[in-house]
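Everything quoted here is computed from the prediction, not taken from an experiment. Every number for a ligand or one of its atoms is a count from 1 in the order of the listing.
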Amino acid sequence: QKKHKVTIVGSGNWGSTIAKILAENTRANAGLFEEEVQMWVYEEDVTIPKDSKYYDEAAGDKPQKLTEVINKYHENIKYLPGIALPSNIVANPDIRDAVRDSTILIFNLPHQFIGNVCKQINGHILPFARGISCIKGVNVTDDGVSLFSEWIGDGLGIYCGALSGANLAREIAAEKWSETTIAYDPPAMDNSRAATPRTGSPNNAAAEIPEIELPHKDARGRTSSTKLTAMPGDYPPLDQDCFRTLFHRPYFHVQLVSDVAGVSLSGALKNVVALAAGFVDGRGWGDNAKAAIMRIGLMEMVKFGKEFFGETVQTATFTESSAGVADLITSCSGGRNFRCAKIAVEKGISVQEVEKQELNGQKIQGTTTAEEVNSFLKARGLESEYPLFTAVNDILLGKRQVDDIPNLMQDS
Ligand code: NAD
Ligand code: 13P
């Protein structure tokens, strides 16, 4: 039987932390997974500071490729400094090469970059691969809201679940205990050797057929073909147990659920609430005000889920899972969205300015999500029904002040 090849698409603060977890588990479960984990890195030059233990006199201050530094020192010195990564993680700057022949694709990058990445890999992945999106954001346009799990899945023609939870990356990278929620509920797959992949219709007449050509469209819509050398039935089943084995660690406890929409929405919307929590904390209003923000924010998250994803979303995902209320609490305590909003109010500068000054290239998601959610609500005349989401966007735009929050929340 073949083993699953795992690729992580993304290598930021959370991406590198998840890569560490995956690589520890592929090493510990050699019967199920190939040991090597491919990690796609958005290539950039980095300079190793003189006081770093990796400073090399010969190289001096010369910029080096981030992938080369990761593969040499087994540390992502820019996005997860100080954390040793397992040596079976291979940093790869070539996205198509990184995903080639992988049966498991983990998407973990800031949500504004996912569209471009998917364009590049469309038609270059196994048609029966399965994905998990660790992205906290939603794809909102005036026409509608879509979840990145759905959007990735539909765009690439694969099933994609979602992982989200109270998961501040640095704590997990330091192996401090936490929980997470994985929503994964794929349609049953015919696991026989002759099973038909979702995006093609190969001749499945004989189990011994070793290679099958499938038509694919590349990013420009041109037809090409991929030679399949294996079929789904050649691998262990890509079921919930497989993903539990891949993600669960003694310090990272996994709860599997089926509510992909609830898990994805919670992770995206809590970032907007965390900005509001930062605003009131920055004004020095204390814990009662922050708790009020969390209460109102949670209500708006549930309302949004029920109103726009009512058929699938479960209230309990917001109120009982790590992806819901627990993530809201941790994000409003120590998340980057919270911290940037707090500093912005204290210094009297914009949140975006703080992000640039403080995060060394890391990206917060709440600012774009607040804007996207607002444009969606505005197009439907529903801004007043979501006063907290609306207030956050108005404060980011300078149309309202933090001091307006109590009045705006009067009826919440
Ligand atoms: P990050 O904030 O560290 O973002 C930087 C990443 O973006 C780097 O890997 C960088 O190489 C990449 N990047 C920059 N420009 C790019 C481009 N043009 N194209 C592609 N990539 C580019 O990233 P992160 O913390 O790993 O966040 C990924 C997702 O995980 C986000 O949706 C975030 O909300 C979520 N998340 C983060 C945490 C956390 O604590 N950091 C925890 C849970 C979930
Ligand atoms: P920030 O992006 O605000 O740091 O949130 C991290 C997170 O999602 C914790 O669960």
Side-chain angles (χ1 to χ4, degrees), residues 8-21 39-46 65-67 69-70 76-81 83 91 93 95 98 106-121 132-139 147-149 152 162-174 176 178-181 252 263-264 266-278 321-343 351 354-356 358-370:
I8 174 153
V9 176
S11 56
N13 192 235
W14 186 222
S16 301
T17 302
I18 283 287
K20 173 177 179 292
I21 290 171
M39 177 169 79
W40 173 68
V41 174
Y42 178 74
E43 189 67 290
E44 61 186 286
D45 287 335
V46 289
K65 298 283 175 222
L66 180 57
T67 47
V69 172
I70 294 173
N76 187 338
I77 62 156
K78 175 152 186 196
Y79 293 104
L80 194 60
I83 300 294
I95 181 77
I106 310 300
F107 297 90
N108 196 330
L109 68 170
H111 78 279
Q112 54 270 44
F113 305 128
I114 187 70
N116 191 28
V117 162
C118 282
K119 253 191 230 152
Q120 293 180 60
I121 63 174
I132 296 283
S133 162
C134 304
I135 298 163
K136 289 186 175 173
V138 277
N139 188 34
L147 313 170
F148 279 107
S149 43
I152 293 168
L163 177 152
S164 194
N167 296 150
L168 295 174
R170 279 212 72 81
E171 293 181 9
I172 296 165
K176 296 177 181 173
S178 75
E179 305 173 296
T180 202
T181 313
F252 191 60
V263 166
S264 302
S266 302
L269 298 175
K270 64 85 191 174
N271 284 331
V272 181
V273 185
L275 288 173
S321 78
S322 179
V325 65
D327 192 11
L328 183 71
I329 294 168
T330 204
S331 296
C332 292
S333 309
R336 297 169 300 183
N337 286 280
F338 166 77
R339 285 186 282 122
C340 287
K342 180 173 155 76
I343 295 170
V351 177
V354 179
E355 179 184 19
K356 273 198 215 110
E358 303 281 328
L359 293 186
N360 191 29
Q362 291 183 36
K363 309 277 180 210
I364 56 171
Q365 306 277 266
T367 43
T368 36
T369 303

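Counting heavy atoms closer than 4.0 Å to ligand 2, residue Q365 contributes nothing at all. Of the heavy atoms in D327, only side-chain atoms (C-beta onward) come closer than 4.0 Å to ligand 2.
Within ligand 2, the atoms closer than 4.0 Å to a non-hydrogen atom of N167 are 9 (C), 10 (O), numbered from 1 in the order shown. When each atom of ligand 1 is checked for a heavy atom of I135 under 4.0 Å away, the hits are 32 (O). For ligand 1 and G361, the ligand atoms under 4.0 Å from any heavy atom of the residue are 5 (C). Distances below 4.0 Å separate heavy atoms of A169 from the following atoms of ligand 1: 39 (C), 40 (O), 41 (N).
I152 places a side-chain heavy atom less than 4.5 Å from the side chain of I135.
The shortest N/O to N/O separation between K136 and ligand 2 falls below 3.5 Å. Note: an N/O pair closer than 3.5 Å links W14 and ligand 1 by distance alone. Considering both main-chain and side-chain atoms, N13 comes within under 3.5 Å of ligand 1 through a nitrogen or oxygen pair.
Considering each of N271, L168, L359, N337, the one bringing a non-hydrogen atom nearest atom 3 (O) of ligand 2 is N337. Counting heavy atoms only, P110 comes closest to atom 4 (O) of ligand 1 of the residues P110, G15, G12, A19. For atom 25 (O) of ligand 1, the candidate residues are Q362, R336, E355, Q112; the nearest heavy-atom contact is made by R336.
From the protein, the heavy atom lying nearest to atom 4 (O) of ligand 2 is R336 N, 2.7 Å. Of the protein's non-hydrogen atoms, K270 NZ, 3.2 Å is the one closest to atom 5 (O) of ligand 2. When hydrogens are left out, the protein atom nearest atom 28 (C) of ligand 1 is N108 OD1, 3.3 Å; that is the closest non-hydrogen contact.
By the 4.0 Å heavy-atom criterion, E44 is counted among the residues contacting ligand 1.
Ring geometry for F113 versus Y42: interplanar angle under 30°, hence parallel rather than tilted (30 to 60°).
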